[in-house]
K.L.:
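The structure under discussion is supplied below as structure tokens; questions concerning it will follow.
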2 protein chains.
Amino acid sequence: MNKPTPVHPELRDQAHQTRTTSAGWMLQRLACMTETQMQTRLKVHGLKMDHFIVLMALTEKEGASQTEIGEGLRLAGYTVSRALDALEKQGLVERKQDAQSRRTHRVFLTDDGRALMPSIFGIIGDLNKDLLDQLPAEDQQEFLRLLTVLTQAVGSGCG
Amino acid sequence: MNKPTPVHPELRDQAHQTRTTSAGWMLQRLACMTETQMQTRLKVHGLKMDHFIVLMALTEKEGASQTEIGEGLRLAGYTVSRALDALEKQGLVERKQDAQSRRTHRVFLTDDGRALMPSIFGIIGDLNKDLLDQLPAEDQQEFLRLLTVLTQAVGSGCG
DNA sequence: ACACGATACTTGCAATTGCAAATATTGCAA
DNA sequence: TTGCAATATTTGCAATTGCAAGTATCGTGT
């Protein structure tokens with residue numbers, strides 16, 4: 001006599017099903033957990049997620065303009081602007097005037113910034129290893145392959 | 001003669017490698033894109049991500065307390081509290097006093113709330129289909145299997 | 001040369017979020 | 001029974017974020 005409310009088993013089961021077996025939900029969960037771990041590890045170096053992404057972009061193309069840094073990534077212009085403010089204050093990057101255009105900044109890693117990157121790659125390597133090690137060896141390559149196909153298929157946006 | 005700055009090819013290549021081939025980065029990108037799509041579709045119904053997650057939790061266990069709703073999910077107590085404020089204002093849920101404890105609220109979907117869920121499941125189904133359809137048919141089950149192994153392995157946290 | 005729309009970046013302000021304190025209630029122990 | 005730590009939820013406030021407007025510069029057409 002402890003079921004006064006009529007429940008709705010079909011809906012309830014569908015919700016449970018969705019939460020435990022849908023690709024999107026699982027994807028969210030995995031991404032959230034790896035992001036949390038990344039944030040924790042980055043905090044040791046005084047960095048936030050956005051800052052880290054900007055550093056990665058700059059490592060890949062030193063001397064990029066702020067627009068170029070944000071391009072194709074999930075970062076709005078003002079996010080890049082404010083991330084650079086912080087990174088400059090930490091002495092990890094520097095803005096220089098573009099030779100051709102006075103409204104464009106060319107951004108470079110400082111020596112300190114470059115010196116920091118190996119530790120960051122170390123963190124990424126560790127976390128990727130931790131993640132993949134949850135899969136049996138024979139599945140790891142397969143998972144990477146599927147992720148690659150998907151990320152290439154979904155096109156640009158969100159970094 | 002257009003390379004005045006000595007660059008660092010090893011770091012640059014490592015950054016590129018990381019951005020394009022690491023599991024974590026690809027995971028982030030996929031999750032971000034599906035989340036963005038979800039947000040867009042939810043906005044049609046006047047819902048935000050948190051609200052949707054709370055509705056899912058309530059569908060799975062009607063009459064849950066606010067603490068129970070947040071439990072195991074990525075939602076802090078105050079997030080649940082404020083999400084319920086909004087959902088109650090929209091008439092989708094209602095807080096009732098618990099019979100045993102005056103400090104606990106039991107939360108229920110209203111008829112309107114229940115009526116909304118099928119469309120939401122429709123959205124989730126669509127998006128999951130869109131995602132999986134980026135993979136050849138023979139890989140779709142495999143991807144789901146790997147995701148399932150991983151989400152179960154990483155344990156609780158983040159929903 | 002000058003006007004005007006486009007581009008690159010920055011910033012004010014409002015909305016959102018997270019932490020930490022407040023409120024209300026409970027259970028347990030002295 | 002009384003006081004005190006624990007639990008459940010709410011809320012004030014500070015930090016963060018996003019939008020939209022602001023500043024500066026550029027390029028193009030006249």
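This is a predicted model, so every value here is computed, not measured. Computed over heavy atoms, backbone and side chain alike; hydrogens, waters and symmetry mates excluded. Letters A, B, ... are given to chains in the order of the sequence lines, protein chains preceding strands, and every chain is numbered from 1.
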K.L.:
Test: ring-ring contact (aromatic ring centres under 6.0 Å, His included). Region: residues 24-75 of chain B. Which pairs qualify, not counting sequence neighbours?
P.N.:
A/Trp25-B/Phe52, A/Phe52-B/Trp25

K.L.:
Write out all pairs satisfying disulfide (SG to SG under 2.5 Å) with one or both partners inside residues 107-143 of chain B, taking only residues at least two apart or from two chains.
P.N.:
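Listed once each, the pairs would be none.
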
K.L.:
For the atom pair CE (B/Met38) and CD1 (B/Ile120), what is the distance rounded to the nearest 0.5 Å?
P.N.:
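B/Met38 atom CE to B/Ile120 atom CD1 measures 6.5 Å (nearest 0.5 Å).
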
K.L.:
Going 5' to 3' along nucleotides 4-12 of chain D, which nucleotides have protein heavy atoms under 4.0 Å from the base (write B), which only from the sugar-phosphate (write S), and which from neither (write -)?
P.N.:
--BBSSBBB

K.L.:
Is there any disulfide (SG to SG under 2.5 Å) pair reaching into residues 13-43 of chain A, and which pairs are they, with sequence neighbours excluded?
P.N.:
A/Cys32-B/Cys158

K.L.:
Any pair with a residue in residues 26-43 of chain B that passes salt bridge (Lys or Arg N to Asp or Glu O under 4.0 Å), sequence neighbours left out, goes on the list, sorted by first then second residue, please.
P.N.:
B/Arg41-B/Asp126

K.L.:
Rounded to the Å, how far apart are B/Arg102 CZ and C/dT25 C1'?
P.N.:
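It works out to 8 Å between those atoms.
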
K.L.:
Quick one: A/Asp98 CG to D/dG27 P, roughly how many Å, whole number?
P.N.:
11 Å

K.L.:
List for me each residue that meets salt bridge (charged side-chain N to carboxylate O under 4.0 Å, His left out) alongside B/Asp13, sequence neighbours excluded, and say none if there are none.
P.N.:
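Not a single residue meets the salt bridge (charged side-chain N to carboxylate O under 4.0 Å, His left out) criterion with B/Asp13.
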
K.L.:
Using atom CD of A/Gln100 as one end and atom P of C/dT7 as the other, report the distance to the nearest whole Å.
P.N.:
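Taking atom P of C/dT7 as the reference, CD of A/Gln100 is at 18 Å.
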
K.L.:
For residues 144-154 of chain B, which residue pairs pass the salt bridge (Lys or Arg N to Asp or Glu O under 4.0 Å) check, not counting sequence neighbours?
P.N.:
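Residue pairs with at least one partner in residues 144-154 of chain B: A/Asp139-B/Arg145, B/Glu142-B/Arg145.
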
K.L.:
To the nearest 10°, let me know how far the axis at one end of the helix from C/dA1-D/dT30 to C/dA30-D/dT1 is tilted from the axis at the other, five pairs an end.
P.N.:
10°

K.L.:
Please name all residues satisfying salt bridge (charged side-chain N to carboxylate O under 4.0 Å, His left out) with B/Lys129, sequence neighbours left out, ordered by chain then number.
P.N.:
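Salt bridge (charged side-chain N to carboxylate O under 4.0 Å, His left out) list for B/Lys129, sorted by chain: B/Asp133.
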
K.L.:
Let me know the distance between CD of A/Glu71 and C1' of C/dC9, rounded to the nearest Å.
P.N.:
14 Å

K.L.:
To the nearest Å, give me how far apart CG (A/Leu87) and P (C/dC9) are.
P.N.:
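So the CG-P distance, A/Leu87 to C/dC9, works out to 15 Å.
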
K.L.:
CD1 of A/Ile69 versus P of C/dT10: gap in Å, rounded?
P.N.:
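From A/Ile69 CD1 to C/dT10 P: 10 Å.
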
K.L.:
B/Asp50 has an atom CG; how far is it from atom C1' of C/dA15, in whole Å?
P.N.:
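Value for this atom pair: 14 Å.
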
K.L.:
Tell me the disulfide (SG to SG under 2.5 Å) pairs involving residues 48-121 of chain B, sequence neighbours left out?
P.N.:
none

K.L.:
Counting only heavy atoms not in B/Gln141, do more than 12 sit closer than 6.0 Å to its CD atom?
P.N.:
no

K.L.:
Quick one: salt bridge (Lys or Arg N to Asp or Glu O under 4.0 Å) pairs with a partner in residues 48-59 of chain A, sequence neighbours left out?
P.N.:
none

K.L.:
Of all of residues 28-46 of chain A, which get a heavy atom below 4.0 angstrom from DNA chain D, listed by number?
P.N.:
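Contacts with DNA chain D under 4.0 Å: none.
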
